[in-house]
Protein chains: 2
Amino acid sequence: MSQEQTVYTKLRSMLLNGEFEPEQRLTEKHICDILEVSRTPVRAALLRLEAQNLVVGQSNRGYTVRGIRVRDVWDANVVRAVLEGSAAGALARQGLSDETRDTLEQSLREYGELAENVELTDRFLTLHSSANWTFHETLVSATGNESLTRSIETLAYMPVQINRTVFASDRAYAVQTVRSGLAEHHGVVAAILSGDATAAEMLMRTHSQKALRGIEAVRDRQKLGPDYLDMPFTQFIGGVGTSVAAA
Amino acid sequence: MSQEQTVYTKLRSMLLNGEFEPEQRLTEKHICDILEVSRTPVRAALLRLEAQNLVVGQSNRGYTVRGIRVRDVWDANVVRAVLEGSAAGALARQGLSDETRDTLEQSLREYGELAENVELTDRFLTLHSSANWTFHETLVSATGNESLTRSIETLAYMPVQINRTVFASDRAYAVQTVRSGLAEHHGVVAAILSGDATAAEMLMRTHSQKALRGIEAVRDRQKLGPDYLDMPFTQFIGGVGTSVAAA
DNA sequence: CCTTCAGATTTTGTATACAATTTTTCCATG
DNA sequence: CATGGAAAAATTGTATACAAAATCTGAAGG
């Protein structure tokens, strides 16, 4: 793997794991020292991170760590839900290929098995996250709309999935969410297969918005005031579970 | 302005104006020779163009010009319509600030004056494009959702607006589109002000999808077959008007 | 004590040399 | 004539030196 790839990957995970202070200045030299490479790959990596909104760059003034607030995660999820909803609607209109239908049904089966006995082990959480991801990912890319796929991918680098964190701290919430998640997945697929675009879009959007319910759950659990949306996201989530399920 | 900015801007407009063959290889040296700079700013510009999907990069193998097909423009507009629709819905829910309402009403007045006598002059087309842009732009940024704003901006670098081209070639279409556009703008604002999120979203989405009708108009005008979506966009649009109104 | 501003320092922007990799050329071989 | 593959050329990846710009420092002046 090229140095630039390495730098990009490492910096991204450091940023997502909150290893820098929000708004902290990121000088090229500093990063060079940490990762022991020259400025060239660092500059390239920073440009890509800027395109993904993880760092903020100003000409002649370098970069700063983008401070991710709860509001940013909320907003990204709102957009993601809208886009995934429209993906479901589009699929209902254009129909599913046999291959996509197989993948989706496979994903439903996997998810179904998981829903039968919810654990709070790392293994389970990873499996759940993966099965869930497959479903969403398959559905979106099946539309064949590259702009749509890319738009959603861009959002995915912001922690759009906070369920892992909330699950780990609240068994009842986890069980309830996995069960209803399964039902919703089935509902979306049914709507798509029946060709009801409006229903498919609405069901999928509502389902994707479940991440917002997760945010609200964390808010309630921490008994936060009305301006919690302006909190740093790492601080918000930090008080609850173990770590952010990113990337 | 920095060299990198210059290179980025020039390359972008060259790409959007179809001055390179689709899929053509873009070597760094070639660009350096054309723009008379060293490789450093060129590499930076290429990274940013890649993030915007205008060039395609492969590690150790440089970049190629992304061939923009009609389908890509269509797809980008589908996504844009969905996002702008959701922006209108969000505004209906959260209400308009006085400032936003003023800007929107100002935009409606400007658009109204334009609609009263449609010309096919460059001046008119530019004014129309600008008034229209203001309306859409204001509406989206008023939501305060940065992810939403950025997602739409990313799409904007693909030629999402083809009206200028179609207008110039068909007066009846232009008059009809400007008139109905005005009515639609009013309808969206009314729905937002009345707090009807569903109506606002639907009206705005339908309105934004007018760009798709423009594509269909070009298709019909050129009497193209069913696989016109796979055509290079520059070729598709080239046979009709003057130039693509990009950036 | 605070403000101002010139000089020193740091940091980013650019060019370029060299290394690593890919692509092309072209000759030997079947 | 087609094919394989090694040598040559071209191209990208990386490091680094220097230029340009921003930031910091500290002393002078109010």
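Note on naming: letters A, B, ... go to the chains in the order of the sequence lines (proteins, then strands), and numbering restarts at 1 for each one. Everything numeric here is computed off the predicted structure, so don't read it as measured data.
Contact detail for B/Arg69 and B/Leu229: the closest heavy-atom pair is CB-O, 3.7 Å. Heavy atoms only, all atoms of each residue included: B/Glu28 and B/Arg39 are closest at OE1-NE, 2.7 Å.
With rounding to whole Å, A/His30 atom NE2 is found 14 Å from C/dT11 atom C1'. Regarding A/Leu47, its CG atom lies at a distance of 11 Å from the P atom of C/dT14, rounded to whole Å. Between the CD atom of A/Glu28 and the C1' atom of D/dC18 there is a distance of 15 Å, given to the nearest Å. We find that OH of B/Tyr8 is positioned 16 Å from P of C/dG13, with the value rounded to whole Å. For the pair B/Arg61 CZ and D/dA10 C1', the computed distance is 15 Å after rounding to whole Å. When rounded to the nearest whole Å, the span between CG of A/Asn60 and P of D/dA21 equals 7 Å. Between the CD atom of A/Glu36 and the P atom of D/dA15 there is a distance of 11 Å, given to the nearest Å. In this structure, the CZ atom of B/Arg25 is 7 Å from the C1' atom of C/dT23, given to the nearest Å.
Among the atoms of the strands shown, base atoms are found under 4.0 Å from some heavy atom of B/Thr40.
The listed nucleotides are D/dA15, C/dG13, D/dT12; the one nearest the side chain of A/Gln3 is D/dA15. Nearest to the side chain of A/Glu4, among D/dG13, D/dT14, D/dT11, sits D/dT14. Here D/dT11 is the nucleotide among D/dG13, C/dA15, D/dT11 with the atom lying nearest to any side-chain atom of B/Lys29. Set against D/dT12, C/dT11, C/dT14, the side chain of B/Ser38 has C/dT14 as its closest nucleotide.
Checking the phosphate oxygens (OP1, OP2) of D/dA22, no side-chain nitrogen or oxygen of A/Gln58 falls inside 4.0 Å. An OP1 or OP2 oxygen of D/dG13 is reached within less than 4.0 angstrom by no side-chain nitrogen or oxygen of A/Gln5. Residue B/Arg43 places at least one side-chain N or O under 4.0 Å from the OP1 or OP2 atom of D/dG13.
For A/Ser129 and A/Thr126, the side-chain atoms include no donor-acceptor pair closer than 3.5 Å. Under the 3.5 Å distance criterion, with hydrogens and angles disregarded, a donor-acceptor pair is assigned to the side chains of A/Ser208 and A/Glu84.
DNA chain D is contacted by both A/Ser59 and A/Met1; A/Met1 maps to the nucleotide lying nearer its 5′ end (nearest heavy atom per residue).
Judged by distance alone with a 3.5 Å cut-off, a donor-acceptor contact links the side chain of B/Arg39 to the base of D/dG13.
With hydrogens and angles disregarded, a donor-acceptor distance shorter than 3.5 Å links the side chain of B/Asn77 to the backbone of B/Val73.
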